[in-house]
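Worth knowing before you read on, the calculation uses all heavy atoms, side chains too, and leaves out hydrogens, waters and symmetry mates.
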Amino acid sequence: EIDYSLNSLPAVSQPYIDLDLKGIVYPGGNYTAPPFVAAPFTVPDQSDSMLYLAISEYFFQTSSFAYYTAGAFNITIAEETCSYFNISSEIFGSIIPEVAQYSVTPYPVMLKLMATETPIISLQQDSFALEIQGSMEVFAVLPDSTTQSLFTMNIAANTSIAVNIFDQKLMGSLCLNR
């Protein structure tokens, strides 16, 4: 849910109306205050366009916090998806010798991905950066449909995303920094 309210009275003059809105994203029905404070920012003074829209880092941070709190960053990739990409316990066994010793028979796998901390979104000059801490647990799916944990690993990813308009289309590029 998005709670938006005016920070100050609208500034109305002959050429423009300036609305200073504060938007906070909450998990549905849970209006817990986020653990960070909105920092003020200014929009460069330009008058060559009809509409200017500025979205602060705070809006993205509260969105990330709401999605994390709601569990939206917890994903299970099931056997059907893994078989489409040919991921099996045999592939992990060739990378991790302990898995090869434990799982001699190749089984389909299931991946459970989860964020362990609220992802951090920061705005840059021409892009924004996303830092996410998480873990991945890999399960072998046994013939009787039960699962057996093969291994768990921690993940730290830092990406940057640039958005551009090209041929009247909004295009994005994603770069994995580490």
* Transitive ILVMFWY side-chain link Val37 to Phe59, under 4.5 Å ->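 Val37 and Phe59: separate clusters.
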For a quick test of reading the model, state the closest non-hydrogen atom pair linking [X] to [Y] and the distance between them.
{"X": "Lys112", "Y": "Phe139", "answer": "CB-CE1, 4.0 Å"}
{"X": "Glu131", "Y": "Asn158", "answer": "CG-ND2, 3.7 Å"}
{"X": "Asn154", "Y": "Ser135", "answer": "OD1-CB, 3.8 Å"}
{"X": "Ile55", "Y": "Leu123", "answer": "O-CD1, 3.7 Å"}
{"X": "Ser122", "Y": "Glu57", "answer": "CA-OE2, 3.2 Å"}

* To do: Report yes or no: does Thr62 contribute a side-chain atom to a donor-acceptor pair with the main-chain N or O of Val25 at less than 3.5 Å?
  =>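 Checked: pair present.
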* **Candidate pair Thr118 and Tyr67, rule side-chain contact (heavy atoms from CB on, under 4.5 Å), full reasoning** => CA-CA 9 Å; Thr118 303; Tyr67 279 103; over 6 Å; no
* Take Ser160 and Gln124 through the side-chain hydrogen bond (donor to acceptor under 3.5 Å, both in side chains) test and state the conclusion after the steps. => CA-CA 9 Å; Ser160 58; Gln124 311 296 321; over 6 Å; no
Show the atom names and distances, to 0.1 Å, of all donor-acceptor pairs under 3.5 Å that link a side chain in residues 68-75 to residues at least two apart or in another chain.
unit_1: Tyr68; atom_1: OH; unit_2: Thr116; atom_2: O; d: 3.1
unit_1: Thr69; atom_1: OG1; unit_2: Phe65; atom_2: O; d: 2.7

* Let me see the working for Met171 and Val163 under side-chain contact (heavy atoms from CB on, under 4.5 Å), right down to the final yes or no. => CA-CA 6 Å; Met171 307 289 281; Val163 179; over 6 Å; no
* Quick one: list whatever passes side-chain hydrogen bond (donor to acceptor under 3.5 Å, both in side chains) with Asp126, sequence neighbours left out. =>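 Applying side-chain hydrogen bond (donor to acceptor under 3.5 Å, both in side chains) to Asp126 gives none.
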* Scan for side-chain hydrogen bond (donor to acceptor under 3.5 Å, both in side chains) pairs involving residues 138-147, sequence neighbours excluded, and state none if there are none. =>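 Residue pairs passing side-chain hydrogen bond (donor to acceptor under 3.5 Å, both in side chains), neighbours aside: Asp144-Thr146.
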* Ring geometry between Phe128 and Phe60 (parallel below 30°, tilted from 30 to 60°, perpendicular above 60°) ->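 Aromatic pair Phe60/Phe128 classed parallel.
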* Asked: Can you check side-chain contact (heavy atoms from CB on, under 4.5 Å) on Ile77 and Leu113, steps first, answer last?
  -> CA-CA 8 Å; Ile77 300 175; Leu113 302 162; 3.8 Å; yes
